[in-house]
Amino acid sequence: MRRIVFRRHGGPEVLELEQTERPAPADGEVLVEVDAIGVSLPIVRLSRSESAELPQSPGGEVVGRVAATGPGVTDFHLGQRVAGLAFHGAYAEFTRVAAPFLAPVPDGVDDAAAVSLVRGGQVALGTLRASAMQPGESVLITAAAGAVGHLAIQLAKAFGASRVVAAVGDDRKADFLRGIGADEVIRYDQTAEAPVDVVLDGAGGEAQNAALHQLAPFGRLVSFNAAGEKVDVNELRLHGRSIIGFAMAHLAGRRPEVYARHREELWALHQQRVLKPAIHATLPLAQAAEAHRIMEARANLGKIVLTP
Ligand SMILES: NC(=O)c1ccc[n+]([C@@H]2O[C@H](COP(=O)([O-])OP(=O)(O)OC[C@H]3O[C@@H](n4cnc5c(N)ncnc54)[C@H](OP(=O)(O)O)[C@@H]3O)[C@@H](O)[C@H]2O)c1
């Protein structure tokens, strides 16, 4: 089978297409014949990390069909259409996925939507729930045009947010963001028209600090990025603000019933046409490096998908 691998650290140029043996599923794993793969920022960053193991085939979200089941797996059958998270080896024609991270895909959810919802949707919904957003509250979302952010905008509106502010690095993304429901679009160096009750921060760094200062008293910032800045707890107290950390792995591992319920809710919202994943580009697997270049250029509007 064909797969993408990197054998040295570096940018998109280190991704190579190779021929290799089809893997066999281990205990508790399912072998998936992959139809589509989602590209995500943590994976794009991985090849540049000096601590990343070598050689390595990138992980990611996949949708496809069950090709084999490992010992102990009883919930899946051959040919069944499934979507899930492969922590390694997702950029391939076949990949192994641990059964708890895999689920059937209902009719009416196409491949691109499935890979978009299985991770970006889970993070968008999980962070909104973690924020305890109530109808009538206002929400500011950073990295708003990204795979998570653009779904979070739609969910916040669907759950009754009074105002959704989309924060981005480049205001050429404004038309896209207004088209999916943002009431206001700002750059990270700009201030929203009024303080907000909730911030979902997928950007970190200066964007996090700017967003934090826009929280009203009783406001909550949910951080889910890997670039969070230090905060002054005394400042939080003075302004009556809170910060909440969100990691999908903990939700999936420690609250599997919530994770599964969120997944069903996401499928249903998509089938009801409330939640519409935007696909920036669908590229063949051999062009994985191009997909990573688009992400590094911060140019994606929604999700980038690879097809083997
Ligand atoms: N906690 C979790 O469980 C979890 C799970 C999945 C993803 N995440 C995090 O969620 C965030 C979004 O991830 P994603 O994969 O879905 O990607 P994405 O939302 O498509 O994000 C890409 C966007 O992030 C913004 N960005 C900010 N800093 C960037 C940088 N240094 N390099 C490139 N883009 C940057 C860019 O938009 P602007 O130029 O407009 O800022 C870019 O278009 C990431 O921080 C990721 O680590 C967290």
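We count residues from 1, following the sequence as given. Computed from a prediction, not measured in an experiment: that's the story for all the values here. Read the numbers this way: they start at 1 and go in the same order the structure lists the ligands and their atoms.
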With sequence neighbours left out, write down each residue that passes side chain to side chain contact (heavy atoms under 4.5 Å, CB included) with Ala281, or none if nothing qualifies. Leu283
Check this for me: Lys157, atom NZ, are more than 12 non-hydrogen atoms of other residues, nucleotides or ligands nearer than 6.0 Å?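 Check passes, neighbour count above 12.
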Are there over 12 heavy-atom neighbours, none belonging to His88, within less than 6.0 Å of that residue's NE2? no
Can the positive tip of Arg2 be found less than 6.0 Å from the middle of the six-membered ring of Tyr91, inside 45° of the ring normal? no
For Arg81, which of Asp35, Asp107, Asp111 qualifies under side chain to side chain donor-acceptor pair (under 3.5 Å)?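 Checked Asp35, Asp107, Asp111 against Arg81; only one passes side chain to side chain donor-acceptor pair (under 3.5 Å): Asp111.
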Anything with a heavy atom under 4.0 Å from ligand 1 counts, so go ahead and list those protein residues by chain and number.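 Its neighbours under 4.0 Å (heavy atoms only) are Ser40, Leu41, Pro42, Arg45, Arg119, Val123, Ala143, Gly146, Ala147, Val148, Val168, Gly169, Lys173, Tyr188, Gly202, Phe224, Asn225, Phe246, Ala247, Met248, Met295, Arg298, Asn300, given by chain and number.
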With Arg3 as reference, evaluate Glu16, Glu18, Glu21 under the salt bridge (Lys or Arg N to Asp or Glu O under 4.0 Å) test and give the passing residue. Glu18
